[in-house]
A.B. asks: 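I'd like to ask some things about the structure below.
Only a predicted model underlies this, so the values are computations on that prediction, with no experimental measurement involved. All heavy atoms count here, side chains included; hydrogens, waters and symmetry mates do not. Below, chain A is the first sequence line, B the second, and so on; all start at residue 1.
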Amino acid sequence: MWLRLNLRHRIYAILTALVIITISGGLVMVWYTYRMERLFSGIIGRDLVGFQVAAALEASLVHQKGFVSYYYLDGDPEWLRRLGEYRQIFKERLREAEILSDTPRQQEILESIRSEYNEYIQIKDRVIDYYKTGQRKALADVHPQLRELFFHIVDQCEVYKHIFTDQIQEARAEAHDQAEQLRYVAGAAILLELLLALFLAFVLVSHILGPVRRLTLAAEGGEGPGRIDNEITALSRSVRGLIQDAGQVHLELERSREHLLQSEKMALVGKLAAGTAHSIRNPLTSVKMRLFSLGRSLVLSDTQKEDFEVISQEIRHIDTIVQNFLEFSRPPKLQFQEISPSTVVDMALQLLSHRLDAYDATVTLQRSNPLPTISGDPEQLKEVLVNLIVNACEAMGRGGAIVIREETAVLPRVGKAAVIHLSDNGPGMSEAVAAKAVQPFFTTKDEGTGLGLSIALRILEEHEGTLNIQSAEGEGATFTIALPVKGADT
Amino acid sequence: MKTGFDILITDHNPHVRRFIAREMTAAGYRVQEAECGADVLFQVSGNKAVDLLILDPDLPDIDSAVLLQRLRKRTPALPVVIHAFSSDMEDHPEYLKSDRFVEKRGASIEHLKEVIQDLLIRR
């Protein structure tokens with residue numbers, strides 16, 4: 001049952017038990033004070049008054065003794081008057097006692113006291129008469145009877161007094177018993193509360209504070225301060241950190257998934273391109289052969305010659321597209337060697353010297369030292385540079401200026417890298433175009449296949465490098481190639 | 001120009017095959033044609049043996065590697081000129097780099113004729 005409760009309900013249960021015990025303890029105390037009050041007021045109101053009356057009754061009786069003897073000795077009637085006073089007091093006390101008496105036993109004793117007292121008074125009066133008249137013989141006869149009767153009444157008064165002392169004793173014993181019981185109850189309650197409090201503390205420590213502390217230490221990864229003043233604050237700080245981390249991881253995951261999706265798309269596009277190119281190439285070659293044959297023997301007019309030229313030219317264009325398709329679809333087999341990218345730049349510029357002249361383009365090379373060697377395929381890298389330079393020439397038209405700047409840098413995704421910036425002063429491109437530029441089959445040129453930059457990007461990716469495009473419309477474009485420098489410490 | 005040689009032309013595109021056959025006939029050779037791998041293997045080992053084989057190994061019924069291996073095994077002496085796309089021959093660099101490889105293009109027929117003439121005269 002306990003194990004099936006969840007933590008929150010367990011804590012609620014313990015707290016409820018604590019509250020119930022505390023409230024019931026308080027209620028028991030209130031009840032006990034009422035009970036004590038009743039007990040004591042009973043003692044004070046009834047038994048004590050009863051006792052006082054009984055004591056006074058006895059005293060007023062005992063006081064009656066001796067006066068007759070004094071009277072006999074000096075014959076002063078004052079003694080008899082005082083005896084009368086005490087008799088009056090006794091009668092009043094007896095009446096008070098009769099009013100207060102509420103049990104049959106008390107009434108019985110009081111009844112007996114009254115009758116014996118009356119008898120005593122009568123005998124006593126007779127004794128006084130005997131004194132007055134001097135009948136000494138009769139006096140001597142009556143005296144023992146009178147003495148016996150007096151002491152019997154005194155005994156009765158004593159018995160009556162004892163009834164009240166017994167009752168008081170009883171009430172005291174009862175109060176003692178109840179106090180003892182209450183002490184037991186209070187002791188048990190204290191013990192139970194202590195146990196529950198300990199249990200609550202245990203639950204709080206083992207189920208909440210302990211785990212929170214461990215979690216905090218784990219979340220801080222041992223980097224935080226050794227002492228944690230407030231676990232909850234520390235934990236919430238850590239959790240906020242974790243949430244941020246998770247957000248970042250999620251973002252990176254999203255990015256890598258996009259990248260994967262892009263790669264899958266590229267692979268599919270590659271397959272499609274390869275199939276298409278393979279199917280087109282064969283009949284196209286046949287067409288080219290027949291066209292060549294036709295060209296050898298045909299005697300054509302000028303217009304016919306122009307038609308023929310255009311046909312040949314367009315077929316060559318189709319052929320280029322097919323070649324690009326094939327190249328794109330077949331990942332190049334890279335032949336890696338240690339080479340400085342600066343050498344590749346030189347190779348590309350040398351290869352393109354005629355083309356650059358034809359475009360009347362000036363190339364400025366900014367190089368302080370040759371770039372550090374990287375592991376790469378010079379032919380493929382050269383193709384990348386050729387592609388980018390030709391693109392720049394085509395974008396700028398005649399008389400453009402190209403700046404090639406080389407540097408080494410440490411980049412976030414690549415690490416230590418050889419970097420080549422290739423800037424032109426052509427028309428540039430919008431952000432949207434720049435973003436799409438490396439997608440396969442995206443082209444802004446009439447005769448482009450849209451594969452040049454795709455192929456370049458793939459070659460760089462196979463070198464674990466990157467290609468970045470920075471451009472704005474009317475402000476030229478800068479292509480940045482970054483290739484990782486292998487064996488670097490960082 | 002020495003004539004009277006028998007040449008077997010193999011290409012799975014009949015128009016390419018006919019064109020080469022026409023050109024070779026005009027150059028004075030006797031020509032036979034084969035349109036698939038089985039056809040090639042049958043004709044090179046038949047009674048009427050050929051002097052030279054022009055081959056595009058991209059054929060529908062047989063893998064190019066298997067065909068080339070069988071030819072080497074059955075007719076080691078037969079000169080073979082590969083007339084194909086270089087991209088199709090990347091798996092066989094020994095042919096790609098030899099002087100018996102002619103890249104298939106629109107104007108490759110002239111190059112093909114020169115290679116064949118060289119080979120047959122040298123014999």
A.B. asks: Please enumerate all residues that pass side-chain hydrogen bond (donor to acceptor under 3.5 Å, both in side chains) together with Asp39(B), with sequence neighbours excluded.
C.D. replies: Gln43(B)

A.B. asks: Of the listed residues (Ile109(B), Asp88(B), Asp56(B)), which shares the most heavy-atom pairs with chain A below a 4.5 Å separation?
C.D. replies: Asp88(B)

A.B. asks: Which residue out of Lys104(B), Glu23(B), Arg105(B) racks up the most heavy-atom pairs below 4.5 Å with chain A?
C.D. replies: Glu23(B)

A.B. asks: Using heavy-atom distances under 4.5 Å, tell me whether Arg18(B) contacts chain A through its side chain, its backbone, both, or neither.
C.D. replies: both

A.B. asks: Could you name the residues of residues 273-292 of chain A that have a heavy atom within less than 4.5 Å of a heavy atom in chain B?
C.D. replies: His278(A), Arg281(A), Asn282(A), Pro283(A), Thr285(A), Ser286(A), Lys288(A), Met289(A), Arg290(A), Phe292(A)

A.B. asks: More than 12 heavy atoms of other residues, nucleotides or ligands under 6.0 Å from NE2 of His259(A): is that the case?
C.D. replies: no

A.B. asks: For Glu464(A), I'd like to know if atom CD has over 12 heavy atoms of other residues, nucleotides or ligands within 6.0 Å.
C.D. replies: no

A.B. asks: Mind checking what makes side-chain hydrogen bond (donor to acceptor under 3.5 Å, both in side chains) contact with Gln313(A), not counting sequence neighbours?
C.D. replies: none

A.B. asks: Would the number of heavy atoms belonging to other residues, nucleotides or ligands and lying under 6.0 Å from CD of Gln335(A) be above 12?
C.D. replies: no

A.B. asks: Count the heavy atoms of every other residue, nucleotide or ligand shown that sit under 6.0 Å from CD of Glu110(B), and state whether that count exceeds 12.
C.D. replies: yes

A.B. asks: Tell me every residue that passes side-chain hydrogen bond (donor to acceptor under 3.5 Å, both in side chains) with Asp307(A), counting only those two or more places apart in sequence or in another chain.
C.D. replies: none

